[in-house]
Amino acid sequence: MSNRYSLSPEFDFSGLTFLDEVRAEANGKSANYQGLDRHNSISFPISAFPEKVQHIILALQESLQYPVDFIGTAMLYTVSLAIGNTHKVKVKENWTESALLYIALVGAPGTMKSHPLSFSIGPIIDRDCSTFREYEKKVHEYKKAISIKAKGRTKPEYDEPIKPVLHKFLVQDFTPESLTETHRLNKRGIGVYVDELASWFKNFNRYNNGSDQEFWLSNWSGKPIIIDRKTGDPIFIKSSYISVAGTIQESILSELGRGNRSQNGFTDRILFAMPEGLKKSYWSDRELHPQHLQNWHVMVNNLLDLPVPIDETDSLSPTVLSFTDEGYARLKEWQRENTDKCNSADNDMVKGLYSKLEVYVIRLSLILQMMQWAAGESDKRTVELNTVARAIDLIEYFRNTGMKVKRYLLDSSPLDKLTSEKKLLYQSLPINFSTGQGLLLAKSQGVAEVTFKRFLNDNSLFERVSYGNYSKKI
DNA sequence: TTTTAATCCTGCACGGCACG
DNA sequence: CGTGCCGTGCAGGATTAAAA
């Protein structure tokens, strides 16, 4: 099969020598991850992406300061969504994996979290936009057909007009009901965008006894969605496919762990992009070469144009890729290492994460293979060794960020649960102080006497050295 | 989703205790 | 004995969990 669109091969990269510099820098940092201890971090493995995509990622970093972690992860999401139910990968007999992803971009406000996502899903939004215009046209014709039919009752065998269906990929604002309805009409697969993950989580079990949670867990596994409703038609979606992208502020990551009984299994299912040492930067003089934008659009459109084969029972029958022998061997090798790491892990939360990574390495292999195909850099008959190796690079990055998130949840400092006033007061107190000194400071910041004295009783924050004298513990 | 109950936090008042 | 330090019960507000 050949690509419907081809990327411009004439595109001249030679004038863009800065790319090599940036890439050298980026690759130097990600040189080896295996020997590092768990507190070091791995930089985002740009080299996992196809050549042309690497150029786009680096150009976006250079011209618009998009962190490579964000744009790269957002691109994985975009490709995941574009693949949908068209392709799966076979691991073993009776075990296939889809390209479904849950991703989250983590960073402080104003650090370019949403722009990279908007850029990478741009081609899909364009597609949704044009199908919506067609839909409106069809609705217009449908209404006309209905009215003609009403008037012209004389023809008994008049063709029943078909109510048009809106096809779309992206859902921004949704309720569980509207989402399943959209998915019912778009069985190829849809994607949602959640602006603040923490608040999304918080409302999971609020109003409906955990069924939201259940829904997202089973969707992640690609299980069927079966809903019987009191009002409206029952819904049955055999292979559900809803990829999720979200953002969250680093400072409220710890909220994911609150009331941890229900959410823990969930954070393991999310791949986190967390750029190291992220800060706001100055505008750059460099402009994004339009060819990069063009190339990305071509690639995504190649994927979006893939049809979903439908079998004789009217259900989807995706094309199934399998691993090459070498690729499968590498996968097995990694799985052994991961299993050992998992078994020797001291804590159950870590085990949960590691077992999800085992699924994700397969899914990322599929996504990367399809991405390479879309970029015209390989075929899509099998998943090759090279692809598996790249997927493993990515997984090790996501293992690292996943552990980072876990650390946020586990040892969030006792300071985090304080109100901002108390936190400020605590920080302005000297290491050693007498009650009277502290009281003065507290009053100047508007904290009442009793409140301050009760505050002093918190053993995790203060130690009483002697009568009327305290020292800070943190 | 709205209503209700439970829990936590805060400010106030008061009384006991340590210290010089 | 005076002064500052410390603990506690209570009421009302805010937040969170449970019920309707």
Side-chain angles (χ1 to χ4, degrees), chain A residues 109 171-183 192-217 219 225 227-235 246 248-267 405 408-474:
Chain A
V171 181
Q172 295 264 359
D173 200 16
F174 60 91
T175 63
E177 287 75 28
S178 72
L179 193 61
T180 45
E181 181 62 15
T182 306
H183 195 10
V192 302
Y193 172 68
V194 182
D195 196 30
E196 187 48 75
L197 274 179
S199 56
W200 187 50
F201 275 31
K202 259 194 216 160
N203 291 325
F204 255 12
N205 293 332
R206 200 145 184 156
Y207 308 122
N208 51 17
N209 220 14
S211 68
D212 271 7
Q213 166 113 356
E214 199 50 46
F215 175 85
W216 289 108
L217 288 176
N219 170 63
I225 296 175
I227 297 173
D228 295 310
R229 296 180 300 189
K230 283 189 187 130
T231 57
D233 297 328
I235 287 182
I248 185 168
Q249 291 175 26
E250 197 165 343
S251 53
I252 58 173
L253 259 182
S254 57
E255 283 187 21
L256 294 184
R258 283 220 188 125
N260 48 14
R261 64 200 143 73
S262 53
Q263 295 145 7
N264 278 339
F266 223 89
T267 53
V405 171
Y408 266 98
L409 304 190
L410 282 174
D411 46 56
S412 58
S413 151
L415 281 176
D416 291 343
K417 55 177 187 265
L418 297 177
T419 61
S420 52
E421 294 87 35
K422 277 189 169 181
K423 206 186 242 174
L424 195 72
L425 174 58
Y426 189 84
Q427 276 155 3
S428 58
L429 281 168
I431 306 287
N432 292 297
F433 59 95
S434 69
T435 310
Q437 289 171 344
L439 210 54
L440 229 57
L441 203 59
K443 276 185 177 163
S444 76
Q445 295 186 18
V447 178
E449 188 176 331
V450 222
T451 307
F452 177 67
K453 285 182 176 173
R454 266 198 275 254
F455 189 33
L456 286 176
N457 281 330
D458 190 331
N459 289 325
S460 62
L461 297 171
F462 298 105
E463 187 190 351
R464 184 148 90 180
V465 188
S466 63
Y467 186 81
N469 288 293
Y470 294 84
S471 71
K472 287 204 292 185
K473 279 187 171 177
I474 302 170

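The structure presented is a predicted model; accordingly, all values stated were derived computationally and were not measured. We name chains A, B, ... by the order of the sequence lines, and we start the count at 1 in each one.
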What's the separation between atom CG in A:L461 and atom NZ in A:K422, rounded to the nearest 0.5 Å?
9.0 Å
Salt bridge (Lys or Arg N to Asp or Glu O under 4.0 Å) partners of residues 452-464 of chain A, not counting sequence neighbours, each pair once
A:E449-A:K453
Below 4.0 angstrom from OP1 or OP2 of C:dG7, is there any side-chain N or O of A:N457?
yes
Can you run down the side chain to side chain donor-acceptor pair (under 3.5 Å) pairs that involve residues 427-443 of chain A, sequence neighbours left out, and say none if there aren't any?
A:S428-A:Q445
With sequence neighbours excluded, residues passing ring-ring contact (aromatic ring centres under 6.0 Å, His included) with A:F455
A:F462
Base contacts versus sugar-phosphate-only contacts with protein, heavy atoms under 4.0 Å: please encode nucleotides 10-20 of chain B as B, S and - from 5' to 3'.
BBBB---BS--
What residues form a side-chain hydrogen bond (donor to acceptor under 3.5 Å, both in side chains) with A:S471, not counting sequence neighbours?
none
Please identify each residue that fulfils side-chain hydrogen bond (donor to acceptor under 3.5 Å, both in side chains) with A:Y426, with sequence neighbours left out.
none
Can you list, by residue number, the residues of residues 428-440 of chain A that have a non-hydrogen atom closer than 4.0 angstrom to DNA chain C?
A:T435, A:G436
Partners of A:S466 by side-chain hydrogen bond (donor to acceptor under 3.5 Å, both in side chains), sequence neighbours excluded?
A:N469
Results of side-chain contact (heavy atoms from CB on, under 4.5 Å) for A:T182 - residues two or more places apart only:
A:K168, A:V171, A:N186, A:I190
Atom CZ of A:R464 and atom C1' of C:dG4 are separated, to the nearest Å, by 13 Å
